[in-house]
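Residue numbers start from 1 in every chain, and the chains themselves are labelled A, B, ... in the order their sequence lines are given, proteins ahead of strands.
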Amino acid sequence: MGSRLSTRLMNICISCLCKVQKLEKAEAIIVDGIRLGVIPDVVTYNTLIAACGRLVCMDAAYAVLHRMKEAGISPNVFTYNSLLAGATRHCQISLSLDLFEEMLQMGISPNVWSYNMLMHCFFRLGKPDEAYRVFRDIILNNISPCPTTFNIMMNGLCKNGYADNALMLFRTLERHGCKPELVTYNILINGLCKAGRLKAARRILRQLGESGCVPNAITYTTVMKCCFRSGNFEEGINIFTEMKRKGFAFDAFSYCTVTGALVKTGRLEKANECMEQMVENGIVLDIVSYNNLINLYFREGKLEAAYKLLDEIEGEGLECDKYTHTILIDGLCKAGNIEGALQHLQYMNSMGFDSNLVAYNSLIDRMCKSGLIDQALRIFDLMDLKDSFTYSSLVHNLCKAGRFRCASKLLLSCIRNGMKILKSSQRAVIQGLRNSGFRRDAGKLLTKIRVAKI
DNA sequence: CTAGGGTTAG
């Protein structure tokens, strides 16, 4: 009895240490405890596995799992949920799916948390149908869904292009005996904004006001971003000011949102002030903040300062992401160093990022503008993924160079691939063909475009 | 233990 009490005490200790991220200390206490005859139980190990998975890496979590098994303690549903959470956090989605499978094979019944994470994983993999099947299983198997179940569902639907379905689900919440939380509103407002459903987003925002929930900094940042995205710059800044007046603590998210908008609208001076404020307020720069700063420096032509920051990233124990590389490539392009941009693109490709589309687009556009259209076309052929940016840029510049037939071919293949293209680029081709004496070709092209659209 | 906001190209 006494020993069980001390185990519980030890677990409380370990839980606290994990919360303040002192994992080594927590591990040391377990070792000391064992020496003093305090036996760790399944809760002890689960706490540590959760913390390792969340704060360190999956290998660390597995190492604890290994020791747990050696101590003769069998994993339970909490163990697996902790592992699932860690794997999902580190974007190891297929590992998460394997873990879920393994849990079933071990005869451990998943609980609602396990299903929540499984749903989340399917959404992350871009498989909303599978996620929905899990959701139905929850309902059909009489596992009571919790508010988070609905939040994950709505967020996943939004992220996978089904904002309307998320809205529908939102309207059934009460029927499910579930009251929307602030998170729920934030998810919906963000999802609807990104889907361009501004009116619906505004309705939800009003509903949030009537619900008795109090908006937080996330709500404000979301709405602010939404204003910037829809070209409502002044209104976005007003929200920024209101946030300050209401005394919200600004974090990297809000500063970066504002900086991004300032840079985009060419207000570099103001952007600089904003970033300075962020640093003065003692906010530790994360990779997104670095990306913002580097982008700003490139725009200001402060190349040396930008490079210095790039060096600093590694020193801070951060890792450059695809945005960092894209910003660098774009910056090199804008500085006229196409050769350097190409080299860095090759380097970026060797790192195996999931997407390099924007970097390619930036390079192609800059090459075209520098009169290197044929080189740009060769790069175009190397791309395995193209979008409307790619086509608009090439078609536009081919027209400018008077190469309307080539532009016409590209335009058509763009539309046949089901992609949009800037209206101005499209007009340029038609007009160009007409003006250079190819009226019939212009007519034919128009017909083909109409057919392709059907 | 799980969920929400920020950064790149015309």
Rounded to the nearest angstrom, tell me the gap between atom [atom1] in [X] and atom [atom2] in [N].
X	N	atom1	atom2	result
A/Asp387	B/dT8	CG	C1'	12 Å
A/Ile187	B/dA3	CD1	P	10 Å
A/Asp321	B/dT8	CG	P	12 Å
A/Leu262	B/dG6	CG	P	16 Å
A/Leu363	B/dG10	CG	C1'	14 Å
A/Tyr115	B/dT2	OH	C1'	15 Å
A/Tyr323	B/dT7	OH	P	7 Å
A/Asn216	B/dA3	CG	C1'	13 Å

Check your understanding: Do A/Asn116 side-chain and B/dT2 base share a donor-acceptor contact under 3.5 Å?
Key ->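 Such a pair exists between side chain and base.
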Check your understanding: Could a donor-acceptor pair under 3.5 angstrom be found where the side chain of A/Asp286 meets the base of B/dG6?
Key ->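 Present.
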[X], nearest nucleotide to its side chain (from [options]):
X	options	answer
A/Met117	B/dC1, B/dG6, B/dG10	B/dC1
A/Ala217	B/dG4, B/dG5, B/dC1	B/dG5
A/Thr221	B/dG5, B/dT2, B/dT8	B/dG5
A/Arg54	B/dT2, B/dG4, B/dT8	B/dT2
A/Lys264	B/dG5, B/dT8, B/dG6	B/dT8
A/Ala50	B/dC1, B/dA3, B/dT8	B/dC1
A/Ala85	B/dC1, B/dG6, B/dA3	B/dC1
A/Glu181	B/dC1, B/dG10, B/dA3	B/dA3
A/Ser392	B/dT8, B/dG10, B/dG4	B/dG10
A/Thr326	B/dT8, B/dC1, B/dT7	B/dT8

Tell me whether the side-chain N/O atoms of [X] come closer than 4.0 Å to OP1 or OP2 in [N].
X	N	answer
A/Lys369	B/dG10	no
A/Lys334	B/dG10	yes
A/Asn190	B/dG5	yes
A/Lys194	B/dG6	yes
A/Lys159	B/dA3	no

Distance alone, cut at 3.5 Å: any donor-acceptor contact between the side chains of [X] and [Y]?
X	Y	answer
A/Asn46	A/Ser82	no
A/Asn281	A/Tyr255	yes
A/Thr222	A/Asn190	no
A/Asn151	A/Thr148	no

Heavy atoms under 4.0 Å, any strand shown: does [X] hit a base, just sugar-phosphate, or nothing?
X	value
A/Leu422	base
A/Ser289	base
A/Ser388	base
A/Leu182	base
A/Asn155	sugar-phosphate
A/Asp251	base

Exercise for review: Measure from the side-chain N and O atoms of A/Ser211 to the backbone N and O of A/Cys213, and report whether any donor-acceptor pair falls under 3.5 Å.
Suggested key: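 Looks like yes, one N/O pair under 3.5 Å.
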Check your understanding: Where the side chain of A/Thr47 meets the backbone of A/Val43, is there a donor-acceptor pair that is under 3.5 Å apart?
Key ->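 Here the side-chain-to-backbone pair exists.
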Exercise for review: Would you check, one step at a time, whether the test side chain to side chain donor-acceptor pair (under 3.5 Å) holds for A/Tyr391 with A/Asn361?
Suggested key: CA-CA 9 Å; A/Tyr391 283 99; A/Asn361 284 345; over 6 Å; no
